[in-house]
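Please read these numbers as outputs of a predicted model, since none were measured by experiment.
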Amino acid sequence: MNDRYFSPDPAQRQIARGLYESVKGLPLLCPHGHVDPRLFADPYYRFGSPVDLFIIPDHYIFRMMMSQGVSLESLGIRRKDHQPVESDHRKIWQTICDHWQVMRGTPTAIWLRDELREVFGIDLKLNSANAQTIYSQIEERLTQPDFRPRRLFERFNIEVLATTDAATDTLAHHQAIRDSGWGGRVIPTFRPDAVINLDTENWVGHIEQLSAVSGVAITDYPSYVRALEQRREFFRSMGAVASDHAAASAYTESLSQRDAKAIFQRGLKGEATAEDAARFTGHMLIEMARMSSEDGLVMQLHIGSYRNHNPAVFQRFGRDMGADIPVASEFTYNLKPLLDRFGNQPGLTLILFTLDESTYGRELAPLAGHYPILRLGPPWWFFDSLMGMRRYFDSVMETAGLYNTAGFNDDTRAYISIPARHDVWRRAAADWLAGLLCRQMIDEEDAYAMMADMAYHLAKTTYKIENA
Amino acid sequence: MNDRYFSPDPAQRQIARGLYESVKGLPLLCPHGHVDPRLFADPYYRFGSPVDLFIIPDHYIFRMMMSQGVSLESLGIRRKDHQPVESDHRKIWQTICDHWQVMRGTPTAIWLRDELREVFGIDLKLNSANAQTIYSQIEERLTQPDFRPRRLFERFNIEVLATTDAATDTLAHHQAIRDSGWGGRVIPTFRPDAVINLDTENWVGHIEQLSAVSGVAITDYPSYVRALEQRREFFRSMGAVASDHAAASAYTESLSQRDAKAIFQRGLKGEATAEDAARFTGHMLIEMARMSSEDGLVMQLHIGSYRNHNPAVFQRFGRDMGADIPVASEFTYNLKPLLDRFGNQPGLTLILFTLDESTYGRELAPLAGHYPILRLGPPWWFFDSLMGMRRYFDSVMETAGLYNTAGFNDDTRAYISIPARHDVWRRAAADWLAGLLCRQMIDEEDAYAMMADMAYHLAKTTYKIENA
Amino acid sequence: MNDRYFSPDPAQRQIARGLYESVKGLPLLCPHGHVDPRLFADPYYRFGSPVDLFIIPDHYIFRMMMSQGVSLESLGIRRKDHQPVESDHRKIWQTICDHWQVMRGTPTAIWLRDELREVFGIDLKLNSANAQTIYSQIEERLTQPDFRPRRLFERFNIEVLATTDAATDTLAHHQAIRDSGWGGRVIPTFRPDAVINLDTENWVGHIEQLSAVSGVAITDYPSYVRALEQRREFFRSMGAVASDHAAASAYTESLSQRDAKAIFQRGLKGEATAEDAARFTGHMLIEMARMSSEDGLVMQLHIGSYRNHNPAVFQRFGRDMGADIPVASEFTYNLKPLLDRFGNQPGLTLILFTLDESTYGRELAPLAGHYPILRLGPPWWFFDSLMGMRRYFDSVMETAGLYNTAGFNDDTRAYISIPARHDVWRRAAADWLAGLLCRQMIDEEDAYAMMADMAYHLAKTTYKIENA
């Protein structure tokens with residue numbers, strides 16, 4: 001499997017292998033992701049069963065199973081109404097393995113294969129016959145101290161791992177990690193969506209929480225802004241280097257103070273309209289850019305997902321159940337108000353992520369190839385795959401230039417999958433660069449420098465990660 | 001020509017060849033297309049001239065000729081005003097051959113080359129010099145009993161061929177086929193566009209026909225629905241496994257009974273607005289999903305063509321003259337009302353087809369990778385080509401998963417071209433899978449299983465085609 | 001570097017090389033571009049410094065430098081407020097070379113490398129260490145008579161070079177070229193944007209200029225139309241074969257005479273709204289098609305750029321500063337009014353250019369594969385790159401057919417880069433055709449004919465360029 005993911009052409013493959021090997025020893029930078037900090041707060045943390053580890057938190061897997069008629073209940077996904085679901089993890093694992101062929105050719109199948117082999121030393125493909133054997137093997141490994149999260153952190157050679165945390169989070173787990181004296185760098189990321197998007201379920205409750213946790217009595221728009229500033233400062237003091245923002249669209253708008261105040265008040269009274277919410281979010285994105293230009297947090301913007309598209313699934317199981325579907329996105333018009341104010345701001349960095357690949361070459365690469373504050377994030381979510389990366393390299397790099405991209409994010413909840421995901425990126429990058437070199441679009445010096453930048457340095461400089 | 005359409009890389013090519021050969025013997029499944037059932041109703045049916053066979057029914061050919069300044073009249077296309085057009089078929093054939101170089105690199109050129117060679121045993125490229133020779137050779141072949149449609153059906157190894165038939169069709173030809181005792185499975189498909197889309201020319205006339213043929217006196221919306229249900233039942237009794245629906249957009253909306261009734265009445269009075277028509281179609285798509293969930297017909301949705309874009313051509317020659325132009329399409333919002341009601345319905349299958357490739361990765365693959373009822377149809381129309389298939393595989397498969405796709409449709413009026421079209425698909429699939437295998441994204445077991453699924457099984461299970 | 005840009009596969013590469021060599025001797029046709037005719041009016045014209053030649057006119061370079069935090073002032077870009085900017089060209093050159101690594105893998109880096117090597121005989125990659133050496137070498141070359149524009153014209157083997165000129169231009173430089181008796185064919189192109197788009201800065205001033213230069217007193221819409229017709233006639237008499245039109249969208253609309261007159265009057269009074277401007281441009285595009293159908297000028301339409309997106313840059317440095325960002329485009333609906341009137345007009349040619357690649361396969365290829373007047377222009381601007389060409393070939397050719405495309409345009413201000421740009425196109429075309437031949441989608445006869453057509457004949461016939 002040494003040459004996996006490389007082009008079959010022997011010349012290109014040989015170059016790709018050399019490039020890949022040149023970065024093999026570089027540590028992993030994980031500046032954006034969704035791993036639970038709890039894993040590191042407790043030095044003796046143990047993963048549960050193989051199902052707890054691989055299946056229940058992985059919406060890539062259960063969305064596909066559901067699409068093929070396997071019920072979420074049979075996979076042990078908890079129901080909001082507390083009706084019973086399958087609780088026999090060996091049975092769930094068997095169900096997964098019985099249907100594993102539906103994953104053929106997907107990134108999930110590739111990651112899992114690589115995880116089993118590289119992390120667990122299990123070189124088998126899931127199927128009905130070997131399901132229980134594999135289950136036992138994983139279960140056995142998970143009892144070993146070497147499979148505690150902190151040990152794996154070292155084995156994975158992770159230099160920095162950023163989690164994603166609500167603005168109202170007390171960061172207690174992060175505090176515990178710091179207090180423990182363990183050397184792993186696990187840092188929080190400021191994600192204020194729930195207090196910014198007026199149409200969040202129970203937004204007023206989130207504001208009350210924000211008030212409580214910040215110690216700022218939020219009675220109006222100015223005190224709300226102060227509370228956010230206070231939280232950002234707290235996150236920074238806890239090591240955060242970035243904020244993260246998700247929105248249905250990239251719409252931005254500079255509201256007058258008067259309008260901002262009025263909409264905020266309507267929000268507090270539960271009277272905000274959908275238009276209010278969209279405008280307020282658009283306004284707060286500009287406010288976040290303003291704060292970032294002052295406090296230095298790198299700003300990330302994830303755009304274009306219609307969340308919880310399937311009401312039956314949402315009602316029964318809640319959010320993040322594989323039912324988020326992308327929509328067409330627009331950046332050139334939508335980001336203009338933000339860019340008009342901060343597009344040329346020294347020291348500010350805004351990283352854009354899209355789920356609409358037609359925006360890569362049309363809008364994002366030209367924007368990033370012009371505005372000093374912009375960087376393009378790596379292929380996100382459905383596009384975090386070998387083909388997704390190839391399309392990204394092909395559509396983005398000539399126009400944006402490599403140095404206006406942000407390197408790689410694994411963006412995962414699945415801690416165990418981190419090395420596999422970085423490996424796909426590094427191999428995809430090596431193969432792409434080998435193709436450029438074979439075609440003499442770059443020379444060898446360029447290729448090796450670009451390889452190291454893609455594997456490591458771009459993420460480090462973009463996210464302003466200092467050396468330890 | 002044994003390795004045609006395969007990658008030039010020797011390793012990938014060898015694997016592709018092996019995969020392709022593994023499915024060579026599998027029969028062709030043709031679950032969606034536009035072949036005239038008349039061909040099979042008469043056991044002695046004879047094709048007309050080479051021009052009748054290859055040129056006059058093929059809008060791929062005459063659109064391209066027209067775009068290069070060749071008049072449709074000179075190609076023998078009938079005018080609506082009955083003005084004379086070229087009727088000398090040898091002269092028409094010569095005109096085509098004189099301009100054949102404009103087809104270079106198009107799927108049409110490839111299909112025709114393969115048809116001539118594989119079906120007619122003529123291994124020549126059309127040009128001015130050999131035009132008349134080739135004409136004579138084809139003409140001669142067509143007189144032979146081996147070139148009757150039923151004989152070719154057997155020679156082509158077609159397991160099932162579905163036609164596409166108006167809701168008001170009596171299916172007399174299908175009845176004749178059944179009565180004849182011939183073993184070929186030719187089945188109808190229920191296509192009710194003309195009685196559903198209020199803006200169809202002479203919609204009221206179509207409703208009257210529907211009334212007559214169903215025996216249900218259609219006076220209002222409920223009787224209209226009953227008539228449709230009756231026709232579906234009749235189609236099913238004649239072997240139909242699917243319905244088919246074409247619309248400009250994927251817009252769906254659940255009308256109240258009251259609104260549905262009111263719009264229907266406005267339609268009968270010829271007073272329906274464009275908005276009425278769009279809403280009614282959107283509503284009836286949901287009704288069709290409801291009926292499918294009851295009677296089991298697989299539902300197909302073909303979206304995104306602006307029909308009869310060229311008014312001069314439409315006025316002079318009518319519809320289906322190569323003047324249909326795609327428009328940008330949207331599925332995430334548009335399909336939501338339908339999916340809210342039936343997206344998780346056991347036993348229901350809805351196959352989506354698009355002419356907007358930007359929807360592949362952005363909307364269709366994520367939708368199909370989540371909703372149990374959804375399958376993605378193969379690349380359609382302009383994208384039914386080698387490159388179209390490669391883009392489809394690359395953009396769709398990682399996210400949707402192969403098993404949420406529907407295999408291949410030839411979707412053709414050109415009966416003779418069926419084997420060539422399936423051959424392109426099988427070769428494209430073999431080459432794609434060989435690429436995955438070379439890159440170790442799948443293993444050999446996967447590759448061979450996926451190959452058989454793409455060539456045969458996916459179409460069979462998606463369209464619920466039972467063994468004979 | 002003989003095989004640069006070709007596929008690494010040895011079989012494909014060998015075929016590509018043969019195809020490329022078969023067209024090496026063919027002259028360059030440059031039917032659309034932005035070279036200053038002044039270069040050829042003065043037989044002793046001398047380029048300024050290496051910075052004047054390579055940096056200051058090249059927004060591809062300084063946009064990328066700016067995106068990486070290099071100020072435009074430090075690159076010597078003139079400010080509108082006449083504040084001082086860097087004027088030491090050796091220092092500017094050093095700055096560029098110090099940052100040259102940010103251009104890795106971009107078309108600009110490739111063009112510059114090829115220009116230095118092929119035109120200047122300098123086979124070095126720019127970097128901090130050799131910056132001054134290279135500067136000196138270029139500077140030295142530029143003093144030689146062989147580096148005068150006319151000599152290079154012959155050395156580049158340019159058959160025809162079209163400039164792009166305002167409708168109000170007196171074409172004095174073109175007249176001087178003609179008067180000089182020099183044999184190089186440099187022809188103007190009629191570009192009336194500034195007198196057509198009502199929202200052009202100082203539109204009334206442009207109309208006054210049009211009045212003066214045409215000798216037609218423009219008092220109303222009919223006299224305005226007459227003045228335009230007069231200018232077209234003048235351009236034709238000076239050798240023009242084409243007009244060129246840029247617009248934010250492809251929107252067209254046939255205004256009534258009454259509406260056209262009223263909007264025109266509002267424009268003269270400075271009272272036209274944004275909607276007026278959009279409708280008037282849409283109307284005038286149809287008028288231009290009407291005039292083209294009478295006077296034979298080939299019509300070019302460049303669609304989809306949001307000009308001067310960065311207000312700070314626009315205010316400080318003016319237009320064309322690398323701050324033009326594409327937007328999503330639409331052709332099927334927008335062009336219909338124009339096509340309804342002129343889509344089938346014998347003798348008329350309309351060439352379409354897009355910055356939205358999602359329109360290639362969805363709208364443009366189907367339109368061009370049907371309407372006799374349409375041709376697709378080559379990949380434009382950000383997409384004039386090796387990958388941009390590959391995506392264009394893959395998305396366009398099967399549906400549009402090669403013969404509904406317009407060959408290559410270099411579309412450059414950078415005279416020195418012309419051979420390098422054509423070379424990339426010819427190599428990309430050779431490699432694409434070699435791929436088709438390897439896959440047996442075309443035969444050798446086709447491949448060689450298509451190669452010559454792509455390198456030379458398509459541009460010649462599309463732009464109706466007569467032999468000298």
Shorter than 4.5 Å, heavy atoms on both sides: which option in [options] has the most such pairs with chain A?
| options | value |
| --- | --- |
| C:Ser7, C:Ala312, C:Ala328 | C:Ala328 |
| C:Arg113, C:Gln68, C:His59 | C:Gln68 |
| C:Met65, C:Met64, C:Arg63 | C:Arg63 |

To the nearest 0.5 Å, how far apart are [atom1] in [X] and [atom2] in [Y]?
| X | Y | atom1 | atom2 | value |
| --- | --- | --- | --- | --- |
| C:Asp324 | A:Thr332 | CG | OG1 | 11.0 Å |
| A:Asp446 | C:Trp100 | CG | CH2 | 11.5 Å |
| A:Tyr403 | C:Arg104 | OH | CZ | 4.0 Å |
| C:Ile110 | A:Glu398 | CD1 | CD | 7.0 Å |

So which part of [X] gets closer than 4.5 Å to some heavy atom of chain A, the side chain, the backbone, both or neither?
| X | answer |
| --- | --- |
| C:Ser385 | both |
| C:Phe383 | side chain |
| C:Ile325 | both |
| C:Thr108 | neither |

Closest-packed option against chain C by number of heavy-atom pairs under 4.5 Å, given [options]:
| options | result |
| --- | --- |
| A:Cys438, A:Gly369, A:Gly401 | A:Gly369 |
| A:Leu402, A:Asp453, A:Leu367, A:Ile442 | A:Leu367 |
| A:Asp340, A:Leu436, A:Thr359 | A:Asp340 |

* To do: Please look at A:Asn404 and chain C and tell me whether the side chain, the backbone, both or neither of the residue comes under 4.5 angstrom of a heavy atom of that chain.
  =>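 Both the backbone and the side chain of A:Asn404 come within 4.5 Å of chain C.
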* Asked: Which bit of A:Ala447 is near chain C, if near means a heavy-atom gap under 4.5 Å: side chain, backbone, both or neither?
  ->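 Neither the backbone nor the side chain of A:Ala447 comes within 4.5 Å of chain C.
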Where [X] and [Y] come nearest, the two heavy atoms and their spacing:
| X | Y | value |
| --- | --- | --- |
| A:Gln12 | C:Pro8 | OE1-CG, 3.4 Å |
| C:Asp9 | A:Asp9 | CA-OD1, 3.4 Å |
| A:Glu445 | C:Lys125 | OE1-NZ, 2.7 Å |

* Answer yes or no: is there a donor N or O on one side and an acceptor on the other, between the side chain of C:Ser358 and the main chain of A:Ser358, under 3.5 Å? =>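 No, the answer is negative, given that no donor and acceptor are paired below the 3.5 Å cut-off.
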* Asked: Can you check whether A:Arg362's main-chain N or O pairs, donor with acceptor, with C:Glu357's side chain at less than 3.5 Å?
  -> no
Is the shortest heavy-atom distance from the side chain of [X] to the side chain of [Y] under 4.5 Å?
| X | Y | value |
| --- | --- | --- |
| C:Tyr5 | A:Gln440 | no |
| A:His370 | C:Val313 | yes |
| C:Asn310 | A:Leu339 | no |
| C:Pro326 | A:Pro366 | yes |
| A:Arg439 | C:Arg4 | no |
| C:Met66 | A:Pro372 | yes |

Heavy-atom count around [X] [atom1] within 6.0 Å, excluding the residue itself: above 12?
| X | atom1 | result |
| --- | --- | --- |
| C:Asp81 | CG | yes |
| A:Glu294 | CD | yes |
| C:Arg319 | CZ | no |

* Asked: Applying a criterion of heavy atom separation less than 4.5 Å, what residues of residues 299-306 of chain A form contacts with chain C?
  -> none
* How would you list, in number order, the residues of residues 386-395 of chain A that have a heavy atom less than 4.5 Å from chain C? ->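 Within residues 386-395 of chain A, the residues that come under 4.5 Å of chain C (heavy atoms only) are A:Asp394, A:Ser395.
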* Structure fact -> side-chain hydrogen bond (donor to acceptor under 3.5 Å, both in side chains) filter on A:Asp3, not counting sequence neighbours, yields A:Arg17
* How would you list, in number order, the residues of residues 419-435 of chain C that have a heavy atom less than 4.5 Å from chain A? -> none
* To do: Decide side chain to side chain contact (heavy atoms under 4.5 Å, CB included) for A:Tyr371 and C:His309; before the verdict, give the C-alpha distance in whole Å, the side-chain angles of both, and the deciding distance to 0.1 Å.
  => CA-CA 10 Å; A:Tyr371 283 100; C:His309 192 266; 2.7 Å; yes
